[in-house]
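Shown below is the structure under consideration.
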Amino acid sequence: MKKLFFFYLFLFTITAFAQKPQQFTSGIAPEKVGMSTERLNRIEQLLNRKIAEKRIPGAVVFAARHGQLVLHKAYGMNDIEAKKAQKTDDIFRIMSMTKAATSVAVMMLYEEGLFSLDDPISKYIPAFKNGQIVDQINPQDSTFTSHPAKKEITIRHLLSHTAGIPYQNALYGKAKIPYYFSTQNETIAETMNRLGALPKFHEPGEKFTYGLNTDVLGYFVEVISGMPFDQFLKKKIFEPLGMNDTGFYIDDAKKNRLVTVYEEIGKEKGITPKPRSQWTDYPISGERKYFSGGAGLTSTALDYAKLCQMLLNGGTFNNTRLLSRKTVELMTTNQIGELNIRDNTNKFGLGFEIYTQKGKASLPSSEGAFEWGGMYYTHYTIDPKEDLLLVVMFQVWPKKDGGIEKQVQQMIYQSIID
């Protein structure tokens with residue numbers, strides 16, 4: 001009887017695992033998973049209109065429901081001047097979409113029992129010990145006054161962006177803290193130790209301050225795992241999921257797939273090629289030794305969708321389990337209480353913005369859906385209630401206004417017909 005019980009338990013376990021899609025399937029009409037082909041075609045009409053208006057050069061969109069591919073298409077141009085068409089396997093600078101991969105890495109190590117979420121970061125990176133809080137910064141010479149912090153920054157604070165660590169400012173500029181990534185001869189160990197010694201901008205846990213928190217976590221992964229951060233992501237996440245085109249730097253053989261960056265800076269709306277600089281060339285030039293956990297990765301729409309599907313599946317994809325279902329639930333649960341994020345309609349978990357009842361009323365979505373995007377205009381949405389994911393990628397920065405990626409999200413939801 002006991003053997004029979006364990007047999008059925010084993011059978012139930014493998015059946016439950018098999019029910020989660022381990023690869024994207026294609027060749028089935030979207031209607032089979034409750035999506036309208038006719039309505040999905042409206043996305044092409046939208047993007048072609050934006051391309052004709054010279055708001056974007058091109059885009060790649062990937063959407064799947066119940067593990068079934070319903071849309072994977074390229075629109076417009078990778079490089080307008082070179083008359084190079086956009087392709088579905090083109091590589092994009094995903095900037096802050098890097099944060100999801102870094103957060104997954106942190107939580108994989110958490111599942112090994114190597115730390116507590118409420119451990120102080122100084123336990124692992126001593127430069128953060130004896131933290132100070134900024135009182136005032138002199139705009140003339142970036143000197144400052146500060147006072148001792150009442151409490152220490154924890155891993156949870158960093159994952160939820162409540163540590164008081166912003167992005168670029170006069171204080172960080174003087175200390176040569178990279179804005180997002182670096183093409184210089186430096187490492188994240190050197191930079192994060194320098195950052196740790198600087199004062200923070202508010203007491204930990206008192207505000208939501210989006211910034212270099214996830215870069216600190218990239219170095220934390222190195223310290224905990226004993227592996228270079230880029231190698232940890234490659235060996236523990238990208239290779240197991242089959243994300244073969246994702247990484248911090250692009251090999252010479254793949255350079256031709258890197259999407260051209262455009263900008264929209266004139267008085268009139270319309271894009272022009274962004275002049276070459278570190279902001280356009282960082283994946284293929286420089287020292288290639290700075291691994292930004294908050295903004296450094298490049299990827300394709302398909303590759304990134306695999307990471308999204310893993311999270312949507314509750315931690316498993318490509319017949320590999322990276323996280324438990326309960327850990328994913330923790331990551332996608334409000335961690336900031338009543339603190340504000342942007343317009344105060346949504347909340348933030350351990351790496352993701354989470355739609356609330358109030359937030360989902362601003363556009364079609366579901367309570368509990370989670371998302372984030374990148375500065376160069378890449379974006380993802382993961383909706384467990386609808387068993388749906390969306391990845392939108394184009395490259396324009398700076399841009400006069402956002403919203404095109406949100407329009408595509410709107411168009412995906414209006415395509416649901418079940």
Side-chain angles (χ1 to χ4, degrees), residues 96 98-99 102-110 112-137 142-182 186-230 232 289-296 335-336 339 348-351:
S96 287
T98 304
K99 291 177 172 67
T102 303
S103 300
V104 167
V106 170
M107 297 308 289
M108 289 173 69
L109 293 168
Y110 170 74
E112 293 183 29
L114 297 176
F115 63 90
S116 165
L117 289 175
D118 295 312
D119 281 348
I121 188 63
S122 65
K123 181 177 178 180
Y124 309 99
I125 308 176
F128 282 84
K129 190 72 175 175
N130 301 319
Q132 297 281 312
I133 306 297
V134 169
D135 290 320
Q136 191 172 16
I137 300 175
S142 300
T143 56
F144 61 88
T145 58
S146 64
H147 65 270
K150 297 175 183 177
K151 54 186 175 182
E152 292 208 49
I153 295 170
T154 67
I155 312 304
R156 193 188 303 270
H157 290 142
L158 292 166
L159 283 163
S160 60
H161 290 271
T162 56
I165 302 175
Y167 270 122
Q168 191 67 13
N169 55 76
L171 188 60
Y172 289 4
K174 185 176 181 179
K176 297 183 179 180
I177 303 296
Y179 201 158
Y180 294 113
F181 49 81
S182 176
E186 60 186 312
T187 66
I188 55 173
E190 294 166 330
T191 306
M192 293 304 110
N193 277 298
R194 205 159 65 244
L195 175 65
L198 295 173
K200 309 312 179 284
F201 282 69
H202 58 74
E203 287 286 345
E206 290 191 355
K207 294 180 182 179
F208 178 88
T209 299
Y210 189 59
L212 289 163
N213 305 270
T214 321
D215 291 73
V216 178
L217 290 170
Y219 177 44
F220 171 71
V221 169
E222 286 196 347
V223 172
I224 294 294
S225 69
M227 296 175 63
F229 181 47
D230 66 322
F232 184 94
K289 60 187 293 186
Y290 189 87
F291 309 120
S292 167
Q335 299 287 327
I336 65 171
L339 295 180
F348 207 85
L350 300 176

Using side-chain heavy atoms (C-beta onward) and a distance below 4.5 Å, is Thr191 in contact with Ser182?
no

Any chance you could measure Lys174, atom NZ, to Ile137, atom CD1, to the nearest 0.5 Å?
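Between Lys174 NZ and Ile137 CD1, I get 10.5 Å after rounding to 0.5 Å.
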
Ring-plane angle category for Tyr110 and Phe115, please: parallel below 30°, perpendicular beyond 60°, tilted otherwise.
tilted

Do the side chains of Ser292 and Thr98 get nearer than 4.5 Å, heavy atoms only?
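No - every pair of side-chain heavy atoms lies 4.5 Å or more apart.
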
Roughly how far, to the nearest 0.5 Å, is OG of Ser146 from CG of Asp135?
6.5 Å

From CA spacing to verdict: side-chain contact (heavy atoms from CB on, under 4.5 Å), Val216, Phe128:
CA-CA 10 Å; Val216 178; Phe128 282 84; 3.8 Å; yes

What pair of heavy atoms forms the shortest contact from Gln136 to Val134, and how long is it?
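In this case the closest contact between Gln136 and Val134 is N-CG1, 3.6 Å.
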
Check whether any side-chain heavy atom of Leu159 lies under 4.5 Å from a side-chain heavy atom of Asn213, and answer yes or no.
no

Please report the C-alpha distance between Leu117 and Met107 in whole Å, then the side-chain angles of each, then the deciding distance to 0.1 Å, and finally whether the side-chain contact (heavy atoms from CB on, under 4.5 Å) criterion is met.
CA-CA 9 Å; Leu117 289 175; Met107 297 308 289; 4.0 Å; yes

As an exercise, state the distance from CG of Leu158 to OG1 of Thr102, rounded to the nearest 0.5 Å.
12.0 Å

Quick one: pull up CD1 in Ile153 and CD in Glu203 and give me the separation to the nearest 0.5 Å.
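CD of Glu203 is found 9.5 Å from CD1 of Ile153.
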
Please report the closest heavy-atom contact between Leu198 and Ile177, naming both atoms and the distance.
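Heavy-atom minimum between the residues: CD1-CG1, 4.0 Å.
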
Can you check salt bridge (charged side-chain N to carboxylate O under 4.0 Å, His left out) on Glu206 and Lys150, steps first, answer last?
CA-CA 11 Å; Glu206 290 191 355; Lys150 297 175 183 177; 5.4 Å; no

If we only count heavy atoms from C-beta on, is the Ser103 to Leu350 side-chain gap below 4.5 Å?
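Ser103 does not reach Leu350 side chain to side chain.
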
Side chains of Tyr290 and Ile188: closer than 4.5 Å at any heavy-atom pair?
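Result yes, sub-4.5 Å side-chain heavy-atom pair found.
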
Measure centre to centre between the rings of Tyr219 and Phe229, then say whether the value is under 6.0 Å.
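Between Tyr219 and Phe229, the centre distance exceeds or equals 6.0 Å.
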
Just list the side-chain donor-acceptor pairs under 3.5 Å for residues 165-173, sequence neighbours left out, or say none.
| residue | atom | partner | partner atom | Å |
| --- | --- | --- | --- | --- |
| Tyr167 | OH | Lys99 | NZ | 2.7 |
| Asn169 | OD1 | Leu171 | N | 3.0 |
| Asn169 | OD1 | Tyr172 | N | 3.0 |
| Asn169 | ND2 | Tyr167 | O | 2.9 |

Heavy atoms only: give me the nearest Phe181-Ala295 pair and the separation to one decimal.
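Nearest heavy atoms, Phe181 then Ala295: CD2-O, 4.3 Å.
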
Go through it in stages, so that I can follow the logic: the residues are Ser160 and Gln335, the test is side chain to side chain donor-acceptor pair (under 3.5 Å), and I'd like the CA-CA distance, side-chain angles, deciding distance and then a yes or no.
CA-CA 6 Å; Ser160 60; Gln335 299 287 327; over 6 Å; no

Taking C-beta and beyond as the side chain, do Tyr124 and Asp119 meet within less than 4.5 Å on heavy atoms?
yes

With a sphere of 6.0 Å drawn around NZ of Lys123, does it hold more than 12 non-hydrogen atoms of other residues, nucleotides or ligands?
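Not buried by this count: 12 neighbours or fewer within 6.0 Å.
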
Please walk me through it: do Lys200 and His157 pass side-chain contact (heavy atoms from CB on, under 4.5 Å)?
CA-CA 12 Å; Lys200 309 312 179 284; His157 290 142; over 6 Å; no

Distance (rounded to the nearest 0.5 Å) between Leu109 CG and Phe220 CZ
7.0 Å

If every non-hydrogen atom of Lys176 is compared with every non-hydrogen atom of Glu186, which pair is closest and at what distance?
O-OE1, 4.5 Å

Suppose we screen for side chain to side chain donor-acceptor pair (under 3.5 Å). Which residues come up paired with Lys129, at least two apart in sequence or across chains?
Glu152

For the student: nearest non-hydrogen atoms of Asp215 and Gly293, plus distance:
OD2-N, 3.8 Å

When rounded to the nearest 0.5 angstrom, what distance separates CG in Asp230 from CZ in Phe291?
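Reported value, rounded in 0.5 Å steps: 3.5 Å.
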
